[in-house]
Each structure stands twice: as structure tokens, then as C-alpha cells.
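Structure record follows, encoded as C-alpha cells.
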Amino acid sequence: MNSKILTFPLRIAIIVLIFGALFKIMHWPFAHNLMLLGGASIGILYTIRFVYKKEKSILDYAKLAMILIWVFNYLANAFQLFYVLYIYEILLLILFIYWFYVEGISYFKSRPYRKNKFLKAVYYILIGLTIFTLVFGILFKIQHWPYGALLFTIGVLLLSLL
């Protein structure tokens with residue numbers, strides 16, 4: 001079994017988690033169900049993907065630990081199960097810095113659309129538009145200005161497209 005086979009289900013699980021967060025912010029029903037489904041799916045699918053990977057490096061173990069700690073911390077905070085003062089956040093920060101130091105820069109340089117300038121421009125415009133709508137949607141929502149919910153929802157939809 002190829003470990004990259006689970007990439008699409010993992011992306012779907014991340015989208016479900018993001019929509020769960022959107023539902024929670026907007027006070028829509030089924031937010032907790034979506035967050036639980038998305039978070040648990042990410043943890044399970046990434047663990048399965050890790051188990052089926054033939055050659056594992058220290059970086060692979062660090063990524064697995066980062067994913068599992070993040071999912072566990074996210075679900076514990078979202079459902080207010082318990083609170084441990086900053087331990088999980090510090091572990092996540094250390095693992096993220098390690099990942100970024102070892103692989104992060106080359107990962108971002110090797111993104112698709114590097115050769116086709118038109119697709120690269122469309123990709124960067126989509127990223128900019130997503131950031132714009134998310135930031136201003138959050139700002140408008142916090143300030144209770146009109147169209148805040150709409151901007152934020154469009155931003156989350158654009159983020160799902162990316």
C-alpha cells in the first residue's frame with residue numbers, strides 16, 4: 001500500500017475539521033460533530049499512513065507526534081475535556097521548529113505550479129484572496145459589522161479549495 005493513497009481522505013478530514021470550526025464560530029448546529037469527526041479522522045488516517053510507510057526516519061516520527069499531539073490538544077480544548085498549562089503547545093512548537101528546520105523550506109520551494117507562470121499567478125492570487133477574506137471576515141465578525149459572516153464563510157470555502 002502506498003502511503004500517498006491516504007492524501008485525499010486526509011484532505012477531506014482537514015476540510016471537515018475546518019468546517020466544524022466555521023460552524024462553531026457561526027453558532028450553527030453540528031459543529032461539535034464535525035470537529036470530532038474531522039479531528040479523529042486526521043489522527044486515525046495519518047497514523048495508518050505512518051504504519052504503512054516502509055522506510056521511516058526521525059522526521060517521520062516527529063511529524064506523527066506533531067499530528068497526534070495537535071489532534072489530541074485540539075479536541076481536548078474544543079470539548080473542554082481538561083487543560084494542561086501550555087505543555088502541548090510547547091511540544092508542538094518544538095516539533096514544528098524541528099520539522100521546519102529539517103524539511104520546511106524545501107517543502108515550500110517544491111510546491112506545484114512552479115513551472116507554469118499563469119497557474120502560479122492564479123495560485124498566489126487565490127492565496128491572497130483567501131487571506132484577505134479570512135482576515136477581514138474575522139475582523140468584521142468581531143466588530144459586528146455587516147457582511148462579516150459572509151466574508152468569513154467565503155474565506156473558509158476558499159481555504160478548502162486550496
Problem set entry | Distance, nearest 0.5 Å, that separates CD1 of I138 from CZ of F152 | 5.0 Å
Problem set entry | Stacked cation flag K63 on F50, 6.0 angstrom / 45 deg | no
For this session: Examine F132 together with F136 and report whether their ring centres are nearer than 6.0 Å.
Result: yes
Exercise. D60 and K53: which non-hydrogen atoms are nearest, and at how many Å?
Worked result: OD1-NZ, 2.9 Å
Problem set entry | From L10 atom CG to I15 atom CD1, the distance as rounded to the nearest 0.5 Å | 11.0 Å
Exercise. Do I12 and F8 pass the side-chain contact (heavy atoms from CB on, under 4.5 Å) test, and can you show the C-alpha distance, the side-chain angles, and the key distance before you say yes or no?
Worked result: CA-CA 6 Å; I12 297 297; F8 184 71; 3.8 Å; yes
For this session: Check ring pair (Phe, Tyr, Trp, His ring centres under 6.0 Å) between F140 and all other residues, then give those that pass, not counting sequence neighbours.
Result: W145
Problem set entry | CG-OG1 distance between L158 and T153, expressed to the nearest 0.5 angstrom | 11.0 Å
Exercise. Do Y61 and I58 touch side chain to side chain, with heavy atoms closer than 4.5 Å?
Worked result: no
Problem set entry | Atom pair CG (L64) and NZ (K56), whose distance is rounded to the nearest 0.5 Å | 9.5 Å
For this session: Report the residues that fulfil ring pair (Phe, Tyr, Trp, His ring centres under 6.0 Å) with F23, sequence neighbours left out, ordered by chain and then residue number.
Result: W28
Exercise. Between the side chain of N73 and the main-chain N/O of W70, is any donor-acceptor distance below 3.5 Å?
Worked result: no
For this session: Show your working on side-chain contact (heavy atoms from CB on, under 4.5 Å) between L45 and R49 and close with a plain yes or no.
Result: CA-CA 6 Å; L45 290 171; R49 181 176 170 163; over 6 Å; no
Seminar exercise, completed: Only one of L129, I127, L134 passes side-chain contact (heavy atoms from CB on, under 4.5 Å) with I131, and that residue is I127
Exercise. With L17, which of V71, L37, I42 fulfils side-chain contact (heavy atoms from CB on, under 4.5 Å)?
Worked result: I42
For this session: Can you measure from CD1 (I94) to CD (E89) and round to the nearest 0.5 angstrom?
Result: 12.0 Å
